[in-house]
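Below is one structure, written out as structure tokens; comments come after it.
In what follows, residues are counted from 1 in the order of the sequence shown.
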Amino acid sequence: MYPSSSSSSLSSSSPPLEALKPEERGLHLIQLLIKCANHTASGDLNLADECLCQISRLASLHGDSMQRLAAQFASALAVRLVKNWPGIQKALNYDTKRPKLELDPARVIFTKAFPYLGFAYAIIARTLLQAMSAERVIHIVDLGSADPKLWAPLLQSFAALPDGPPHLKITCVHSNKAVLEKLGLKLVKEAEALDMPFQYNPLNVSLRELTKDMLKVRLGEALGFVSILNLHVLLAQDDQADAQFRPKKSNIDVKDCKQMGEFLGMVRSMYPKVVLLVEQEAHHNSNHLVDRFIEGLHYYSAMFDSLEASFGGLSSSSEERFVLEEMFGREIENIVAWEGVEREERHERYAWWMVRFCEVGFKPVRLWLDSMEDSKKGYKIISQRTSLMICWNERPLYAVSAWTC
């Protein structure tokens, strides 16, 4: 267990940092990080700097999982602190935003190295097939994943239906034109090999820019939507101006978000047969830095532990591990260092998404899962009524859910 946000005092009689054993070092790093987050949030910049000096002696991008995790969180705190001195930042010609990372290659490595998305893809494909198998004209909208590993097998499943393949249209929304073109070439080639009537509709826009007219939904189409680790970006808003909480009807506080409500309302107005959602099972949308910092430590410690288990030490695959840690490091930096509309990594748990979807008229539906190996090297799928949780060592990391009108 992690210390609470109030556990920020450290014993003056602690042993020298270099003499700490791995478990002691890990606990000490957690305490230092939380202490630094508290100082950062309260504006005690000198004390925060002292904490970072101590953290830098223990953390390492080449150490064990806790050292690597601490290095990423310390970097995020440092970025937040540097932003307090824009003059120094400009004089040093220092950009607090990291250089652009090609996230799609990182996502490819992530899909290959871990079963998280593989499990999610299997659930999505099976649920779509169950919902659409009796339809002859199908239109599925991909809200940003653009992964052939999801769509190519789905084409094969539809082509093998007893009554023959339906006419299938896939609309993919993505801000990277090259990614859209790559997916289109792959799927058109696959459809031709299957002798399947197919249409590909690429939309080179962000989710914020997407409109109903762009989707060109036609009368008679059975419509479905799929969002994989993307929908939370629509929660980004000016927190000081826009943050309001609804009257508490349960044990959770759901922050109002006009942009998200309008988007889900737009999707609902098209009467889709099914909407499939995959999101991080974490709460990183708090207005309070320390709250989301501690939640982030919980969540990403599990992610970094699974990285350690998959890659172990500095193996021949260590470059792939560094790419993934950089990908997660960017998420951590966005959660910790940024505010307002620039803070896009606003992950919310399934319970929060249930409130948002039900508010605009959706209701949860059953997810389908083929018999498959759902427990492997610490990975597990846990059914929780209207959702499926993809876990590492019993800790839910991703939630899959399905919705209908």
Side-chain angles (χ1 to χ4, degrees), residues 104 117 120-231 234 263-278 362 365 367-368 400 402-405:
D104 293 295
L117 289 184
Y121 290 176
I123 296 164
I124 289 169
R126 184 76 172 107
T127 304
L128 281 173
L129 202 61
Q130 285 291 329
M132 304 286 198
S133 59
E135 306 291 341
R136 301 313 301 162
V137 182
I138 299 170
H139 183 182
I140 302 174
V141 180
D142 175 1
L143 296 174
S145 74
D147 191 344
K149 290 184 181 297
L150 169 63
W151 297 116
L154 189 66
L155 262 66
Q156 296 165 13
S157 297
F158 276 120
L161 289 173
D163 294 332
H167 182 282
L168 178 62
K169 176 166 72 174
I170 292 180
T171 293
C172 185
V173 181
H174 204 285
S175 57
N176 188 322
K177 187 176 180 180
V179 169
L180 288 170
E181 291 174 350
K182 183 178 178 181
L183 177 66
L185 290 172
K186 172 73 174 175
L187 295 188
V188 168
K189 183 178 179 180
E190 187 71 33
E192 289 175 350
L194 296 167
D195 194 22
M196 179 180 187
F198 177 74
Q199 181 181 350
Y200 178 64
N201 178 32
L203 292 178
N204 187 204
V205 296
S206 68
L207 292 187
R208 292 189 187 87
E209 299 166 322
L210 182 65
T211 65
K212 187 174 179 179
D213 291 340
M214 292 178 185
L215 296 174
K216 299 178 182 177
V217 178
R218 295 174 181 167
L219 189 65
E221 290 180 340
L223 183 63
F225 285 83
V226 176
S227 175
I228 301 173
L229 308 182
N230 287 309
L231 200 58
L234 293 176
F263 185 87
L264 293 179
M266 177 188 74
V267 173
R268 172 68 175 78
S269 72
M270 291 181 271
Y271 297 97
K273 288 204 70 173
V274 66
V275 178
L276 285 142
L277 177 70
V278 182
F362 282 107
V365 294
L367 288 159
W368 293 81
V400 187
W403 308 87
T404 193
C405 298

Going through the distances and angles, do L264 and R268 end up as a side chain to side chain contact (heavy atoms under 4.5 Å, CB included)? CA-CA 6 Å; L264 293 179; R268 172 68 175 78; over 6 Å; no

Show your reasoning for whether side chain to side chain contact (heavy atoms under 4.5 Å, CB included) applies to I123 and V278. CA-CA 10 Å; I123 296 164; V278 182; over 6 Å; no

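- Distance check: R208 CZ to S175 OG gives 10.0 Å after rounding to the nearest 0.5 Å.
- Residues V226 and W151 are in side-chain contact: their nearest non-hydrogen atoms beyond the backbone lie under 4.5 Å apart.
- Contact check for L215 versus L203: side-chain heavy atoms found under the 4.5 Å cut-off.
- Proximity of a side-chain donor or acceptor of T404 to a complementary backbone N or O of K273 within less than 3.5 Å is detected.
- Listed here is the closest heavy atom pair of E135 and A222: CG-CB, 3.5 Å.
- Side-chain atoms of K189 and L185, non-hydrogen and from C-beta on, never get closer than 4.5 Å to each other.
- Using modelled atom types, one side-chain atom of Y200 and one backbone atom of L180 make a donor-acceptor pair closer than 3.5 Å.
- When atom types are taken as modelled, the side chain of D142 and the backbone of F225 share no donor-acceptor pair closer than 3.5 angstrom.
- For the pair L150/I228, a side-chain contact is recorded, criterion being any heavy-atom separation below 4.5 Å from C-beta on.
- When each of L207, T211, V205 is checked for a side chain to side chain contact (heavy atoms under 4.5 Å, CB included) with E209, only V205 meets the rule.
- Inspection of the S227 and N230 side chains reveals no N or O donor paired with an N or O acceptor under 3.5 Å.
- A distance of 4.5 Å separates CZ in F198 from CG in L187, rounded to the nearest 0.5 Å.
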Carefully, step by step, assess Q130 and V274 under the rule side chain to side chain contact (heavy atoms under 4.5 Å, CB included). CA-CA 10 Å; Q130 285 291 329; V274 66; over 6 Å; no

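- Annotation: side chain of N201 is not in contact with side chain of V141 (no heavy-atom distance under 4.5 Å).
- L143 CG to S206 OG: the interatomic distance, rounded to the nearest 0.5 Å, is 11.5 Å.
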Under 3.5 Å, sequence neighbours excluded: what are the donor-acceptor pairs made by side chains of residues 154-170?
unit_1: Q156; atom_1: NE2; unit_2: E190; atom_2: OE2; d: 3.0
unit_1: S157; atom_1: OG; unit_2: P153; atom_2: O; d: 3.2
unit_1: K169; atom_1: NZ; unit_2: K216; atom_2: O; d: 3.2
unit_1: K169; atom_1: NZ; unit_2: E221; atom_2: OE2; d: 3.1

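- Contact of the W368 side chain with the L129 side chain is not registered, since no non-hydrogen atoms from C-beta on lie closer than 4.5 Å.
- A distance of 9.0 Å separates CD of E181 from CG of N176, quoted to the nearest 0.5 Å.
- Here NZ of K149 is found 11.0 Å from CG of L117. Values are rounded to the nearest 0.5 Å.
- Residues satisfying the ring-ring contact (aromatic ring centres under 6.0 Å, His included) criterion with F362, sequence neighbours excluded, are F357.
- Nearest heavy-atom pair across L183 and A146 is CD2-CA, 3.7 Å.
- Every side chain to side chain donor-acceptor pair (under 3.5 Å) that K212 has, sequence neighbours left out, goes to S269.
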